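Quick notes on the structure that follows.
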Amino acid sequence: HSAKLIPSEDAAVAKATQDHVPFTACSFGEPEDQGDSKAPLVALGCQDGTVLLFSLRLGVVAGPLYTLRSAPQGAASGSPSAPSGESAVLSITVLKISGQERLYAGARGRCLYWDLRTGQLMKEFSLPGSDEHAATPTTLAAVPVDAAAPAEAGPATSDQ
């Protein structure tokens with residue numbers, strides 16, 4: 001076995017994946033959540049803090065639809081050649097696609113929420129801990145608040 005990349009027929013997919021390896025998290029949209037008219041979504045979290053969003057139609061990956069990024073305050077640019085200590089701070093540790101409209105991501109000390117209709121970062125949640133001992137999320141769940149409201153995700157607190 002080898003760790004060689006399988007060539008993609010789509011040059012944009014190949015470039016995006018080659019520019020942001022290694023991948024540190026992955027999420028597949030649930031087909032029943034995404035409706036019949038839209039292709040399922042695939043999100044890849046990268047060690048450099050980037051999230052790549054692709055569509056998957058008939059087994060073919062297309063995109064990226066979005067290249068999303070949110071560096072923590074005070075962090076350096078986080079290029080793929082960043083020192084290992086810096087890339088660990090930027091690394092996406094968990095992803096959750098919720099329907100066709102929401103993407104949640106976790107990284108050291110924070111959770112993020114993007115609107116997939118626009119690609120805009122909508123909210124950033126700070127997690128407990130200091131810079132040296134920040135919490136690192138490993139699991140995310142999108143939980144509907146009620147039938148009329150969109151799903152919410154974020155750190156749980158004792159007063160909820």
Side-chain angles (χ1 to χ4, degrees), residues 1-72 75 77-82 84 87-125 127 136-155:
H1 300 295
S2 73
K4 292 181 183 177
L5 270 169
I6 298 172
S8 173
E9 294 178 14
D10 184 327
V13 171
K15 177 157 179 36
T17 55
Q18 290 171 359
D19 287 350
H20 295 286
V21 293
F23 306 126
T24 54
C26 180
S27 179
F28 293 88
E30 297 294 327
E32 63 270 10
D33 291 344
Q34 297 183 354
D36 296 331
S37 63
K38 296 189 178 186
L41 299 175
V42 178
L44 295 176
C46 307
Q47 188 171 347
D48 68 359
T50 301
V51 177
L52 302 170
L53 186 71
F54 299 97
S55 65
L56 181 63
R57 189 175 301 269
L58 301 173
V60 177
V61 176
L65 304 175
Y66 291 113
T67 301
L68 307 169
R69 184 157 175 82
S70 173
S77 65
S79 67
S81 60
S84 61
S87 61
V89 169
L90 299 174
S91 184
I92 301 298
T93 58
V94 63
L95 290 166
K96 173 67 176 155
I97 295 173
S98 181
Q100 286 279 46
E101 299 177 355
R102 294 173 296 279
L103 173 67
Y104 300 97
R108 186 174 180 261
R110 61 207 174 100
C111 288
L112 309 155
Y113 156 50
W114 279 280
D115 182 332
L116 295 182
R117 295 169 294 189
T118 64
Q120 295 296 311
L121 179 65
M122 301 303 290
K123 193 163 189 176
E124 183 167 344
F125 304 92
L127 298 177
T136 300
T138 58
T139 304
L140 288 174
V143 179
V145 176
D146 63 37
E152 290 290 330

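Atom set for the values below is all heavy atoms of this structure, side chains included, hydrogens, waters and symmetry mates excluded. Sequential numbering from 1 along the given sequence is applied to the chain's residues. These numbers were taken from a predicted model, which means no experiment stands behind them.
- The nearest pair of heavy atoms linking Ser27 to Ile97 is OG-N, 3.1 Å.
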Discussion item. Show, in sequence, the C-alpha distance, side-chain angles and deciding distance for Thr17 and Phe23, and conclude whether the side-chain contact (heavy atoms from CB on, under 4.5 Å) test is met.
Written reply: CA-CA 9 Å; Thr17 55; Phe23 306 126; 3.7 Å; yes
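- Between Arg102 and Tyr113 the shortest heavy-atom distance is CG-CE1, 3.4 Å.
- The shortest heavy-atom contact between Val51 and Leu103 is CG1-CD2, 3.6 Å.
- Not counting sequence neighbours, the partners of Thr93 by the side chain to side chain contact (heavy atoms under 4.5 Å, CB included) test are Thr136, Pro137.
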Practice prompt. Take Leu65 and Leu41, measure what side-chain contact (heavy atoms from CB on, under 4.5 Å) needs, and give me the verdict at the end.
Written response: CA-CA 9 Å; Leu65 304 175; Leu41 299 175; 3.6 Å; yes
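- Closest of all the heavy-atom pairs between Ala142 and Tyr104 is CB-CE1, 4.0 Å.
- Among all heavy-atom pairs drawn from Ala16 and Phe54, the shortest one is CB-CZ, 4.3 Å.
- For Thr118, the side chain to side chain contact (heavy atoms under 4.5 Å, CB included) partners are Asp115, Gln120, not counting sequence neighbours.
- The heavy-atom pair separating Ala43 from Leu53 by the smallest distance is CB-CD1, 4.0 Å.
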Item to complete: Please report the C-alpha distance between His20 and Leu44 in whole Å, then the side-chain angles of each, then the deciding distance to 0.1 Å, and finally whether the side-chain contact (heavy atoms from CB on, under 4.5 Å) criterion is met.
Response: CA-CA 10 Å; His20 295 286; Leu44 295 176; over 6 Å; no
Item to complete: Please assess Val42 against Val61 for the test side-chain contact (heavy atoms from CB on, under 4.5 Å), listing each intermediate value before the final yes or no.
Response: CA-CA 8 Å; Val42 178; Val61 176; 5.8 Å; no
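- Residues Pro40 and Phe28 fail the side-chain proximity criterion, which asks for heavy atoms closer than 4.5 Å.
- Not counting sequence neighbours, the partners of Leu121 by the side chain to side chain contact (heavy atoms under 4.5 Å, CB included) test are Ser70, Leu112, Trp114, Glu124.
- The OG1 atom of Thr24 sits 7.5 Å away from the CG atom of Leu95 when rounded to the nearest 0.5 Å.
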